[in-house]
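One structure below.
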4 protein chains.
Amino acid sequence: MPRPKTGDKRAAILRAATKTIAEDGVGASTAGIAKAAAVAEGSLFRYFPDKDRLLNELYRELKLDMRSAMIAGFPVTGSLRKRIQHIWNAYVTWGMESPAKRRAMMQLTVSERITDQTRQEGQSGFEDATEAMQQFVARGKLSDLPPAFASDLLLAMAETTMASMVANPAKADHYRSAGFEAFWSAAAKK
Amino acid sequence: MPRPKTGDKRAAILRAATKTIAEDGVGASTAGIAKAAAVAEGSLFRYFPDKDRLLNELYRELKLDMRSAMIAGFPVTGSLRKRIQHIWNAYVTWGMESPAKRRAMMQLTVSERITDQTRQEGQSGFEDATEAMQQFVARGKLSDLPPAFASDLLLAMAETTMASMVANPAKADHYRSAGFEAFWSAAAKK
Amino acid sequence: MPRPKTGDKRAAILRAATKTIAEDGVGASTAGIAKAAAVAEGSLFRYFPDKDRLLNELYRELKLDMRSAMIAGFPVTGSLRKRIQHIWNAYVTWGMESPAKRRAMMQLTVSERITDQTRQEGQSGFEDATEAMQQFVARGKLSDLPPAFASDLLLAMAETTMASMVANPAKADHYRSAGFEAFWSAAAKK
Amino acid sequence: MPRPKTGDKRAAILRAATKTIAEDGVGASTAGIAKAAAVAEGSLFRYFPDKDRLLNELYRELKLDMRSAMIAGFPVTGSLRKRIQHIWNAYVTWGMESPAKRRAMMQLTVSERITDQTRQEGQSGFEDATEAMQQFVARGKLSDLPPAFASDLLLAMAETTMASMVANPAKADHYRSAGFEAFWSAAAKK
DNA sequence: GATGAATGAGGCTTCATTCAT
DNA sequence: GATGAATGAAGCCTCATTCAT
């Protein structure tokens, strides 16, 4: 039996990629990522056939990670407001606790190297939340906007909110709820 | 593109950079930009000492351009809602009419190569609009959020709205006003 | 290809190397050869200390193989023409039936990685045929050319002939005999 | 006016490539070639977009070079034998005087990196000689073999002859004429 | 001023070989 | 013995920048 491929190594590379891309953008070198992962440069290519694949896998993993954070404790039977608020809080909390993940995600999102397929797959596996968001839009004043509008909006508003939280950590909690109120008002019924 | 006259060369390079960066991201090569500008490779460096400077200058120019669009016809003496709506419409219109500028802007905004100073300078020169935005926040339910919050929020929400407009051009006008209502509701007084 | 039994592994690797080198040249990767042999990457190096040795061994094996084809049914007591014709036919038939072997051979022959020693050894073990070839030269009009001349010439002319056969399979048989006549005339007595 | 592209540099690279490929095969590194040409590695790619192109251009140049040697002093109005002998002598002389060119040519010829188009183009521009070769075949005993047969055969037999010449330089002249007699006999009328 | 040829550092990727299991 | 994960040197190529003309 050969040396078994340590599942850790793949994870280490993704972790290192998150950090490095957060700092240097998608232009971060594979050498730099490998080094940050304490792995030989060639090893990176045993786990990911090329840089594009690494980028796309990372996008996928980050989405998954974010989703886990959002799904944990999701109040499936709670009121619409409760459910939406859970999503908001979970997302903002995830973003604030994992600044590198959040920044890497931003870089990947605007990169032309993430394929459409990857982006589409990134939407899936998040049914409860998606449903809540769609109900939210459908019952609110933006009822005829595309279904993805609310989710995109949440991301965008959360991003803005987090920028304020980072700028003034003392008021972070307050900003988080204020941000939520803004989001809720933006789309809720008149 | 014909060879630009001497005085135009700088502008031609910036125009070419906008287009090229919109397509290829910040990684676009200086040679590619020079070619798109119908200018010699070396000439680019007579107008910009290095690529970073070109990137920062471009960011600045794009902000200026956007601002001009917003200032033109600004209803200084109109109601707050009129003024805010003007900003919203002007921004969305600018973004839809100049997709390359908008995409280049997005790329630059997330790039680590734009300095903090450039970002700060990008805020200035937009007093009427800024003042309107601050009044808007101050008088609304987000009164204790940082002053930049509303502007950032507008940008973010407009981005989301434009994505919907691009996806469904037939409803573009409707989406633009729906987006504005959402924005207004997000921050206006309860 | 099923995983070969232990004893066959060396043969399987050589077989795979023939095919792979025929297609990709001497630059074919050891990993690719191992895969084609349905053998682990590392296993290749248990049978051949390094790639150069593999190449040289393969050259040797192919020569041996070709020789077997030529020796089978060799008319030891036949006329000189009969014997020479047997060599010609056997060689051309071998080349046409084993295009991969022939192509691999060509690649190896021009490669700088085959040592002089390997090349020399490649000549041996073919006494009857060699003797016939030497008689042929000695009694013909090229009597003072080096002994290897006739064999080399045969190879070269057969190669040319096979190219024609491949290009026009319908006339293959005819080309084979025409080629032989050319070879015979080239060196036979005036 | 920028520094003009010195025509010499391209030639120097091709010269260096000839030498390096003759020694190391098509696997010769671009770095090695650049170094042998006393040129920066990047410069090589200003003259040839990639290694494949360099290889194909080199093939073309070598064919051209060989052709010049063959065309010089071609006895257009001489007897068929005179013309064929001129071709033979010119080719063998070229090969013996330019061993690197000849060896590089052999490597390129068997390489899969030379495209079919390049090979075809390599045939052209050599009309007088081609015509002579075709007459030779048509009037001889191989009259129904493909037109390219005689040229290929000449190359192959010349190669073999040159190997003998290199092995025994003292008899080089003798071998050259003996080789020609063999070639002539191979295809001439019975 | 303008040009684009020249450069070499650095990027991504492949690969022969080693070695823990 | 067999395996394939791990490695880092080396390969091809790109690119920002310089500088002779």
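Below, read A as the first sequence line, B as the second, and so on, with proteins coming before strands; counting in each chain starts at 1. All values below were derived from every heavy atom in this structure, side-chain atoms included, with hydrogens, water molecules and symmetry-related copies excluded.
The pair R10(D)-E57(D) meets the salt-bridge criterion, since a charged nitrogen lies less than 4.0 angstrom from a carboxylate oxygen.
Distance K51(C) NZ to dA10(F) P: 16 Å, rounded to the nearest Å. The distance between atom CD of E41(B) and atom P of dT18(F), rounded to the nearest whole Å, is 14 Å. One can place NZ of K35(A) at 19 Å from C1' of dA6(F), the figure rounded to the nearest angstrom. As rounded to whole Å, 10 Å separates atom P of dA6(F) from atom CG of D8(A). Spacing between atom CD1 of I13(D) and atom C1' of dT7(E) amounts to 13 Å, rounded to whole angstrom units. With rounding to whole Å, L44(A) atom CG is found 14 Å from dG8(F) atom P. Taking atom CZ on F48(C) and atom C1' on dG1(F), their separation rounds to 16 Å, with Å as the unit. Remark: C1' of dC15(F) and CG of D24(B) are 14 Å apart, rounded to the nearest angstrom.
Annotation: of the two residues near DNA chain F, G27(D) and V39(A), the 5′-most nearest-nucleotide partner is V39(A). Residues F45(A) and D50(C) both approach DNA chain E. Their nearest nucleotides, taken by heavy-atom distance, put F45(A) toward the 5′ side. Where D52(A) and G32(C) meet DNA chain E, the nucleotide closest to each residue was compared, and D52(A) sits on the side nearer the 5' end. Nearest-nucleotide assignment on DNA chain F puts the 5′-proximal partner with A38(A), out of R113(D) and A38(A).
The side chain of R46(B) lies closest to dG1(E) when the candidates are dG1(E), dA6(E), dC13(F). In the set dG8(E), dT17(E), dA6(F), the nucleotide with an atom closest to the side chain of Y47(A) is dA6(F). Distance from the side chain of S29(C) is smallest for dC15(E) among the nucleotides dC15(E), dT13(E), dG8(F). Of all nucleotides listed (dA6(F), dT3(E), dA16(F)), dA6(F) comes nearest to the side chain of K9(A).
Side-chain contact check for E41(B) and T30(B): no donor-acceptor pair (N or O, by modelled atom type) lies under 3.5 Å.
T30(B) comes within 4.0 angstrom of a base, heavy atoms only. Nucleic acid contact for A28(D): sugar-phosphate only, since backbone atoms but no base atoms lie under 4.0 Å from a heavy atom of the residue. Base contact: S43(B) has a heavy atom under 4.0 Å from a base atom.
Taking CZ of R119(B) as the start and NZ of K63(B) as the end, the distance is 9.5 Å to the nearest 0.5 Å. The distance from the NZ atom of K35(A) to the CG atom of L44(A) is 15.0 Å, given to the nearest 0.5 Å. Once rounded to the nearest 0.5 Å, the distance linking CG of L55(B) with OG1 of T118(B) reads 9.5 Å.
Within the 4.5 Å cutoff, no side-chain heavy atoms of R46(A) are placed close to those of K9(A). At least one side-chain heavy atom of T109(D) sits less than 4.5 Å from a side-chain heavy atom of Y59(D).
Remark: of the listed residues K101(A), R102(A), R15(A), K101(A) is the sole one forming a salt bridge (Lys or Arg N to Asp or Glu O under 4.0 Å) with D65(A).
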Which string of ( ) [ ] | and . matches DNA chain E, if you list each base 5' to 3' and count Watson-Crick or G-U pairs only when both distances are under 3.5 Å? .||||||||||||||||||||
